Amino acid sequence: MQSQMQMNQVNIGAHEIMECHEVLSCMINGINQFQLLIPHCQDQNLKNILQNQLSFMTNEYTTFVNTLQQKGSQGQLQSVQTSFKATPTYGIKMNGVPEAPNASVNQLNDRDISALMLGTHKSSAVVKMHAALELTDSQMREMLVQSSRNCADQAYETWMYMNQNGYYQVPTFDQATTKAMINSYQPNALYSNQQQTY
């Protein structure tokens, strides 16, 4: 009887369970939000990105749940493969259209959708990395680190789409200010001396 109880015992701390609960709730919310956004996409490129990310997020969620429920199984998350390869555009172009909240859901446009996608990935990356820093189980910790990295890569893919479509512009300083700020730091002299001795 006692050996049967020991076989069914799950070795995971209460704090870890709460962290996993937080992560899984966040993953569910992201999946549900992406499902709500699909019908509002106007640009087919954005719709493709959204659908690919949604599929990846759903598979990742399933892998995470299976690993958590079957402790000891060798669940492993894949790295996300993003599609958007471009060079960021720097600078601000005034388009004369000020931003404001939409009056209704019927006004959702591709800028809104991509911004919601970006926000979801950013917050998910933070939640997952925070949880990874709290977990003692090495397999679950590595899964969360990979999942956080996947969110970062999907966020960048979404950001690149936004940047290329003028939805997320990158302000810059003039060259003198940029150089002055960059040059206000210098390498650690101790590190440089240690490198020379090797």
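Fair warning: this is a prediction, and the values are worked out from it, not measured in the lab.
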Main-chain N/O of [Y] paired with [X] side-chain donor or acceptor, under 3.5 Å:
X      : Y      : answer
Asn163 : Pro88  : no
Glu134 : His15  : no
Gln42  : Asp110 : no
Gln164 : Thr87  : yes
Ser123 : Gly119 : yes

Linking I/L/V/M/F/W/Y whenever any side-chain heavy atoms sit under 4.5 Å apart, do [X] and [Y] land together?
X      : Y      : answer
Leu108 : Leu118 : yes
Leu54  : Ile28  : yes
Met27  : Leu36  : no

Please check if any side-chain donor atom of [X] sits under 3.5 Å from a side-chain acceptor atom of [Y], or the reverse.
X      : Y      : value
Asn102 : Asp112 : yes
Asp174 : Thr177 : yes
Gln33  : Asn29  : no
His121 : Glu157 : no
Asn150 : Gln154 : no
Asp43  : Tyr161 : yes

Enumerate the salt bridge (charged side-chain N to carboxylate O under 4.0 Å, His left out) contacts for residues 119-130, please, sequence neighbours excluded, ordered by first and then second residue.
Glu60-Lys128
Check the pair Gln139, Thr67 against side chain to side chain donor-acceptor pair (under 3.5 Å), reporting the backbone distance first and the verdict last.
CA-CA 9 Å; Gln139 180 186 11; Thr67 302; 4.7 Å; no
Transitive ILVMFWY cluster of Phe173, excluding itself - 4.5 Å side-chain cut-off:
Met181
If you count every heavy atom of other residues, nucleotides or ligands that lies below 6.0 Å from [X] atom [atom1], does the total exceed 12?
X      : atom1 : result
Glu22  : CD    : no
Tyr167 : OH    : yes
Gln186 : CD    : no

If you look at every heavy atom in Ile31 and Thr58, which pair is closest and at what distance?
CD1-CA, 3.8 Å
Of all heavy-atom pairs between Val23 and Leu144, which one has the smallest distance, and what is that distance?
CG1-CD2, 3.7 Å
When rounded to the nearest 0.5 Å, the distance separating CD of Gln35 from CG of Leu50 is 10.0 Å
Could you walk me through whether Glu16 and Met140 pass the side chain to side chain contact (heavy atoms under 4.5 Å, CB included) check?
CA-CA 9 Å; Glu16 292 174 287; Met140 297 299 290; over 6 Å; no
